[in-house]
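What follows is one structure encoded as structure tokens, with my remarks underneath.
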Amino acid sequence: MLRHSRPDPLRRGVLIAGGCALLVALAPRSAAAQTTSGMRIGIIGAGRMGGTIGGLWVKAGHPVMLSSRHPDELKDLVAGLGPLAKAGTVAEAIAFGEALFIAVPYGALPQIGKDYGGALKGKILLDACNAVAGRDGTTVADEVEQEGIGVVSQKYLGGARLVRAFNTMSYAIFAREANRPPPRLAIPIAGDDPEAVKVAAALVTDAGFDPVVVGKLADARKFQRGGPGYGQSVSAAELRQKLSLAP
């Protein structure tokens with residue numbers, strides 16, 4: 001979980017008194033170091049998926065910026081999510097986020113990489129995009145089929161510390177099943193950067209699900225469209241069994 005239990009008043013006082021200088025000495029902190037408090041999250045693509053997952057993070061106490069080419073069109077969505085939510089441009093969301101979440105048509109990734117590659121460099125980026133031939137074109141769909149979606153996403157979003165997540169089911173299922181009684185719904189994730197995977201797993205937990213680390217980005221093909229892990233509305237134990245992962 002990204003949140004921790006509140007210390008008692010005495011211990012809290014000690015932490016406040018002794019911790020300020022330490023925070024200054026350590027700043028800026030790494031993303032992993034900030035997983036004990038509300039992490040700023042930038043959402044690239046404020047459609048149904050981005051709005052749903054972003055809303056779950058807001059409920060968990062994370063400041064979220066949802067982005068669009070036309071931020072003014074997000075006023076109603078942001079107002080409905082409460083004071084921790086705001087709207088901005090894609091560039092503003094990338095700058096705002098200590099971690100990022102992208103949920104756009106897959107065919108847009110090459111252009112996003114070209115336009116924002118420099119800003120994405122070094123950022124932890126949870127990628128929920130799926131390649132659909134009828135929407136994104138056969139060229140990119142064939143590329144994903146041949147190379148695996150994690151590898152292709154990393155190629156187009158090269159500077160980001162990419163983690164595949166939240167791509168296996170519809171936004172409606174995520175909205176309905178978040179924070180359900182145990183066992184929680186399993187969310188497969190995969191990435192090459194260990195710290196990024198750790199942060200992504202914590203964010204999945206905060207959204208109300210159980211993360212299942214499948215492996216590296218090359219292993220993300222196991223839960224891309226058509227893979228054995230795609231569309232599996234199951235528990236973590238069941239998903240590990242389906243994908244032949246260690247318990």
Side-chain angles (χ1 to χ4, degrees), residues 1-2 31-32 35 48-50 52-53 56-57 60 99-106 109 124-133 135-136 140-157 160-247:
M1 291 285 289
L2 290 190
T35 59
R48 290 172 174 174
M49 183 65 77
T52 296
I53 302 302
L56 293 173
W57 282 326
L100 305 173
F101 177 74
I102 185 167
V104 300
Y106 202 86
L109 292 193
I124 295 172
L125 175 61
L126 279 67
D127 170 26
C129 307
N130 286 316
V132 181
R135 180 193 63 196
D136 303 306
V140 70
D142 289 346
E143 186 178 17
V144 164
E145 185 63 28
Q146 292 168 11
E147 300 181 32
I149 198 164
V151 173
V152 175
S153 290
Q154 185 70 84
K155 178 168 60 178
Y156 289 129
L157 305 171
R161 300 160 68 190
L162 192 79
V163 181
R164 289 285 297 170
F166 290 112
N167 70 288
T168 59
M169 283 168 277
S170 73
Y171 76 95
I173 293 175
F174 290 139
R176 184 180 70 240
E177 299 295 332
N179 294 298
R180 75 184 189 189
R184 286 181 164 193
L185 179 67
I187 303 296
I189 65 176
D192 292 343
D193 183 303
E195 182 186 22
V197 170
K198 180 179 178 180
V199 170
L203 289 173
V204 167
T205 301
D206 267 14
F209 307 99
D210 276 349
V212 173
V213 180
V214 176
K216 303 288 189 180
L217 285 174
D219 299 308
R221 66 162 59 247
K222 294 179 181 179
F223 57 95
Q224 70 186 47
R225 280 170 58 91
Y230 187 81
Q232 297 292 337
S233 184
V234 296
S235 69
E238 291 170 318
L239 183 60
R240 290 189 182 97
Q241 185 175 32
K242 287 178 180 291
L243 297 179
S244 300
L245 302 175

Give every donor-acceptor pair under 3.5 Å between a side-chain atom in residues 238-247 and any protein atom, sequence neighbours left out.
{"from": "Glu238", "atom 1": "OE1", "to": "Ser235", "atom 2": "N", "distance (Å)": "2.9"}
{"from": "Glu238", "atom 1": "OE1", "to": "Ser235", "atom 2": "OG", "distance (Å)": "3.1"}

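- Applying the salt bridge (charged side-chain N to carboxylate O under 4.0 Å, His left out) definition to pairs two or more places apart or across chains, those involving residues 169-181 are Glu177-Arg180.
- Across all their heavy atoms, Val212 and Ala186 have their closest contact at CG2-CB, 4.0 Å.
- The structure places OG1 of Thr168 at 15.0 Å from NZ of Lys222, a figure rounded to the nearest 0.5 Å.
- A distance of 11.0 Å separates CD in Glu147 from CG in Asp142, rounded to the nearest 0.5 Å.
- Separating the CG atom in Leu56 from the CZ atom in Phe174 is a distance of 9.5 Å, to the nearest 0.5 Å.
- Side-chain N or O atoms of Asp193 include none that pairs as donor or acceptor with a backbone N or O of Ala160 at under 3.5 Å.
- Using a 4.5 Å cut-off on side-chain heavy atoms (C-beta onward), Ile189 and Leu126 make no contact.
- Contact of the Val204 side chain with the Phe166 side chain is registered, since non-hydrogen atoms from C-beta on lie closer than 4.5 Å.
- Atom CD of Glu145 has 12 or fewer neighbouring heavy atoms from other residues, nucleotides or ligands inside a 6.0 Å radius.
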Verify side-chain contact (heavy atoms from CB on, under 4.5 Å) between Thr205 and Arg184, making sure each step is shown before the conclusion. CA-CA 10 Å; Thr205 301; Arg184 286 181 164 193; 4.2 Å; yes
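- Using a 4.0 Å cut-off between a side-chain N of Lys or Arg and a carboxylate O of Asp or Glu, Asp127 and Arg164 qualify as a salt bridge.
- Minimum heavy-atom separation, Ala103 to Gly50: CB-N, 4.1 Å.
- Put simply, OH on Tyr156 and CD on Glu143 are 3.5 Å apart, with the number rounded to the nearest 0.5 Å.
- Judged by distance alone, the side chain of Asn167 and the main-chain N or O of Asn130 form no donor-acceptor pair under 3.5 Å.
- Pro211 approaches Ala201 most closely through the heavy-atom pair CG-O, 3.5 Å.
- Heavy atoms only, all atoms of each residue included: Ala207 and Trp57 are closest at CB-NE1, 3.7 Å.
- In this structure, Ser233 OG and Ile173 CD1 are separated by 5.5 Å, a value rounded to the nearest 0.5 Å.
- The backbone N or O of Ser153 lies less than 3.5 Å from a partner atom in the side chain of Tyr106, making a donor-acceptor pair.
- To the nearest 0.5 Å, atom CD1 of residue Ile102 and atom CG of residue Leu109 are 5.0 Å apart.
- Remark: side-chain polar atoms of Arg161 are not paired, donor with acceptor, to backbone N or O of Pro194 under 3.5 angstrom.
- With contacts defined as side-chain heavy-atom distances shorter than 4.5 Å, the pair Asp192/Leu162 does not qualify.
- Atom CZ of Arg135 has more than 12 heavy atoms from other residues, nucleotides or ligands within 6.0 Å.
- Looking at Met49 and Phe101, their side chains come closer than 4.5 Å, going by heavy atoms from C-beta outward.
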